[in-house]
Number of protein chains: 2
Amino acid sequence: MRKESSTNTLNRNKIHVNCGMAYTLDLIGGRWKPTILWALLEGKLRYSELKKNIPDVSERILVLQLRELEKDGLIKRLVYAEVPPRVEYELTNDGQSMRHMLQIISDWGDLHRPKKAN
Amino acid sequence: MRKESSTNTLNRNKIHVNCGMAYTLDLIGGRWKPTILWALLEGKLRYSELKKNIPDVSERILVLQLRELEKDGLIKRLVYAEVPPRVEYELTNDGQSMRHMLQIISDWGDLHRPKKAN
DNA sequence: TTAAGTACTGACAAAAATGTAAGTAATGAG
DNA sequence: CTCATTACTTACATTTTTGTCAGTACTTAA
């Protein structure tokens, strides 16, 4: 939950206005968001499939991150009226438009992060 | 301060190992880091010049962010033995190597963030 | 009637990030 | 002796993010 009037939040919003970079990083910067986006670049996934792909995230946090990505227009939530329920997540056009950028960010990291031993 | 054994930190580190994207985003994801890096892309700056460029950041936080960028090898801290003191910050080679990526992240943001009302 | 499957939600707690306000050290200028 | 200058540091407080654990709703199958 965000307190709309804290210096913290005011600063965040102020930065967005004149720094596209900060804006972008806020959208994709959550702990599990890169992993989620990466998975969805392959195509649509059910909630349970995402969970399987990302075993370390707790359900609460997974849902939180999905909701934020949805609110920010990067993913779509598709609900099918079935029992048991079926919900699929997929990238929106805006989400898809990140593909190239995400690849470049990923490449930079792969190239520069400390090498694994062995 | 980071608690090395918290689930939070363990998750962070585990993600880094198999997601270059998450690793990169952790390096540049601090509140003021994009702004700092952006400023330093133009060239070296003194501490006081950075402060002037980024009026909303408090000194404590500015120093914290600079220290992290330095620890992560993206910027260099150059200290001159003068009085009054002079300290300059500049990008390292690794920092410079981000230029293209940062530009792309910035462009995506400029293109997709909600438009200012006129 | 009980259990299984799916996609969650809620109350609570811990950890991390960010911010505020005041103070410090060294030295040369006046 | 006092002040200005620069680049910080310290103690503390607030806000935000992330995590734990248990529980829910709905329907079908056994």
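Proteins come first, then strands; the chains are lettered A, B, ... in the order of their sequence lines, and each starts at number 1. Values below: every heavy atom of this structure, side chains too, minus hydrogens, waters and symmetry copies.
Remark: A/Lys52 pairs with no residue by the salt bridge (Lys or Arg N to Asp or Glu O under 4.0 Å) rule, at least two apart or across chains. Checked against side chain to side chain contact (heavy atoms under 4.5 Å, CB included), B/Thr92 has the following partners two or more places apart in sequence or in another chain: B/Lys76, B/Asp94. Under the side chain to side chain contact (heavy atoms under 4.5 Å, CB included) criterion, A/Asp110 pairs with A/Ser106, A/Arg113, not counting sequence neighbours. Residues passing the side chain to side chain contact (heavy atoms under 4.5 Å, CB included) test with B/Ser48 are B/Arg46, sequence neighbours excluded. B/Arg67 pairs by the side chain to side chain contact (heavy atoms under 4.5 Å, CB included) definition with B/Val63, B/Glu70, B/Arg77, B/Tyr89, not counting sequence neighbours. Under the ring-ring contact (aromatic ring centres under 6.0 Å, His included) criterion, B/Trp108 pairs with B/His112, not counting sequence neighbours.
Looking at residues 35-54 of chain B, you'll see that no heavy atom sits under 4.0 Å from any atom of DNA chain C. Using a 4.0 Å cut-off on heavy atoms, the residues of residues 82-90 of chain A that approach DNA chain C are A/Pro84, A/Pro85, A/Arg86, A/Val87, A/Tyr89, listed by number.
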Under 3.5 Å, which N/O atoms of the protein pair with N/O atoms of nucleotides 19-21 of chain C?
{"unit_1": "C/dG19", "atom_1": "OP1", "unit_2": "A/Asn11", "atom_2": "ND2", "d": "2.4"}
{"unit_1": "C/dG19", "atom_1": "OP2", "unit_2": "B/Trp32", "atom_2": "NE1", "d": "2.9"}
{"unit_1": "C/dG19", "atom_1": "O6", "unit_2": "B/Arg60", "atom_2": "NE", "d": "2.5"}
{"unit_1": "C/dG19", "atom_1": "O6", "unit_2": "B/Arg60", "atom_2": "NH2", "d": "2.7"}
{"unit_1": "C/dT20", "atom_1": "OP1", "unit_2": "A/Thr7", "atom_2": "OG1", "d": "3.1"}
{"unit_1": "C/dT20", "atom_1": "O4", "unit_2": "B/Arg60", "atom_2": "NE", "d": "3.3"}

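For the residue pair B/Gln103 / B/Asp107, a side-chain donor-acceptor distance below 3.5 Å is found, with atom types taken as modelled.
Protein atom CZ of B/Arg67 is 12 Å distant from nucleotide atom P of D/dA7, rounded to whole Å. With rounding to whole Å, B/Asn13 atom CG is found 14 Å from D/dT18 atom P. When rounded to the nearest whole Å, the span between CG of B/Leu64 and P of D/dA7 equals 17 Å. Straight-line distance from the CZ atom of B/Arg77 to the P atom of D/dT6: 16 Å, rounded to whole Å. Rounded to whole angstrom, the span from the CG atom of A/Asp26 across to the C1' atom of D/dT16 amounts to 12 Å.
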Go through the steps for B/Leu74 and B/Leu40 under the test side-chain contact (heavy atoms from CB on, under 4.5 Å), then give the verdict.
CA-CA 10 Å; B/Leu74 298 178; B/Leu40 292 180; over 6 Å; no
Could you walk me through whether A/Val57 and A/Thr35 pass the side-chain contact (heavy atoms from CB on, under 4.5 Å) check?
CA-CA 10 Å; A/Val57 69; A/Thr35 313; over 6 Å; no
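How far NE2 of B/His16 is from OG1 of B/Thr24: 9.0 Å, rounded to the nearest 0.5 Å. A/Leu45 contributes atom CG, which lies 13.5 Å from atom NZ of A/Lys51 (distance to the nearest 0.5 angstrom).
Applying the ring pair (Phe, Tyr, Trp, His ring centres under 6.0 Å) definition to pairs two or more places apart or across chains, none involves residues 30-85 of chain B. Contacts classified as salt bridge (charged side-chain N to carboxylate O under 4.0 Å, His left out) and involving residues 19-36 of chain B (residues at least two apart or in different chains) are given here: B/Arg12-B/Asp26, B/Lys33-B/Glu68.
Contact check, B/Gln65 against C/dA17: no side-chain N or O comes under 4.0 Å of OP1 or OP2.
Rounded to 10°, the helix from C/dT1-D/dA30 to C/dG30-D/dC1 has 30° between the axis fitted to its first five pairs and the one fitted to its last five.
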